[in-house]
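Here it is: the structure, laid out below.
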Amino acid sequence: MKKLLTLALLSSMTFAVTDSATLNLQGTVGAVVDISVAALSDATNLDLTQSQSNKKVATVTEQTNTTTNFTVTVSSANGGKLKNGSREFSYSLAYGGQGVNLATGTTYTRNPDPLNANSYDVNISYTGQAAASMAAGDYTDVVTFEIAAN
Amino acid sequence: MKVAQYSLYFSFFIFLVISVFSEAYAKEASTLNLRGFVEPVFSVELESAQRSYRLTSQSNFDFYGKIESDGLRIIPGQLLTIKNKKIKKITVSIN
């Protein structure tokens, strides 16, 4: 009887010192966003004496791996004007068929579409003017497309 | 138990650091260069009015040069009075 009690006591002591711990494992994939512009030759060869309506000048491809909404902002260095020194020539852009406010920049909110690349056309419109009414030379602007994950 | 707690805190810290860096780099931009052009044009117009001639020129670029008519140098826009002389030719030199 005494042996049995001793054995039971030792067994209970053994169980009393049992403990457990957990190891949490976690992997992370950072948000990646990508945007590229494929310009057509017409983008840098615009005859300003001839009117243009929705002339395609580039294709922009957007891609992210995020599962939340992301934004694409389109802005102009000259606020929607091609410039030759102090001389200006107004134009307008459409991005993916939607008008862009180049004076202030336009931000588009996209639904998440992880791992899929989506392409959008960039089209330019302007009213041509007689060459004699404008100073000869090159008129330029730089349009920036910025993609950001929220 | 303390070790597990610290491990949890450390994991959370690493997660925050990765999140911050991921957020910082989750932005990219690309540009589109636009260039339009206007060709240089030049025109001269000679208009007779009674016994005088008005010569006007128009250009959409700055130039160095001269406009001559039968040896007379003419300043664009200048009103000419040429008595008893007919203008045979106008020469425009643009350098």
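Numbered from 1 within each chain, the chains take letters A, B, ... in sequence-line order.
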*asked:* Can you tell me which residue among A:V142, A:D141, A:V37 is in a side chain to side chain contact (heavy atoms under 4.5 Å, CB included) with B:N33?
replied: A:V142
*For B:V41 and A:A131, which heavy atoms make the closest approach, and how far apart are they?*
CG1-CB, 3.7 Å
*Does A:L102 share a hydrophobic cluster with A:Y108, counting links as ILVMFWY side-chain heavy atoms below 4.5 Å and allowing steps through other members?*
yes
*chain B heavy atoms under 4.5 Å from A:A58: which part of the residue, side chain, backbone, both or neither?*
side chain
_Using a 3.5 Å distance criterion without hydrogens, assess whether the side chain of B:N60 forms a donor-acceptor pair with backbone atoms of A:M134._
yes
*How close do B:K27 and A:V33 get, heavy atom to heavy atom, and via which atoms?*
N-CG2, 3.4 Å
*Name of the residue among A:T144, A:T61, A:I35 meeting side chain to side chain contact (heavy atoms under 4.5 Å, CB included) with B:S30*: A:I35
_Region of A:V122 that comes under 4.5 Å of a non-hydrogen atom in chain B_ = side chain
_Are B:E39 and A:T49 packed together at the side-chain level, in the sense that at least one heavy-atom pair is separated by less than 4.5 angstrom?_
no
*Counting only heavy atoms closer than 4.5 Å, note whether A:L48 contacts chain B via side chain, backbone, both or neither.*
both
*Counting only heavy atoms closer than 4.5 Å, note whether A:F89 contacts chain B via side chain, backbone, both or neither.*
neither
*By side chain to side chain contact (heavy atoms under 4.5 Å, CB included), which residues pair with A:T107, not counting sequence neighbours?*
A:T71, A:T73
_side chain to side chain contact (heavy atoms under 4.5 Å, CB included) partner of B:L32, chosen from A:V57, A:I124, A:V60_ = A:V57
_Among the listed options A:G137, A:S133, A:A39, the residue most often paired with chain B at heavy-atom distances under 4.5 Å_ = A:G137
*Hey, which of A:D47, A:L82, A:T140 has the most heavy atom pairs under 4.5 Å with chain B?*
A:D47
*Take A:N45 and B:R35 through the test side-chain contact (heavy atoms from CB on, under 4.5 Å) and record every step on the way to the result.*
CA-CA 6 Å; A:N45 195 31; B:R35 171 190 161 274; 4.0 Å; yes
*Step by step, would you call B:L34 with A:Y139 a side-chain contact (heavy atoms from CB on, under 4.5 Å)?*
CA-CA 8 Å; B:L34 294 175; A:Y139 292 70; over 6 Å; no
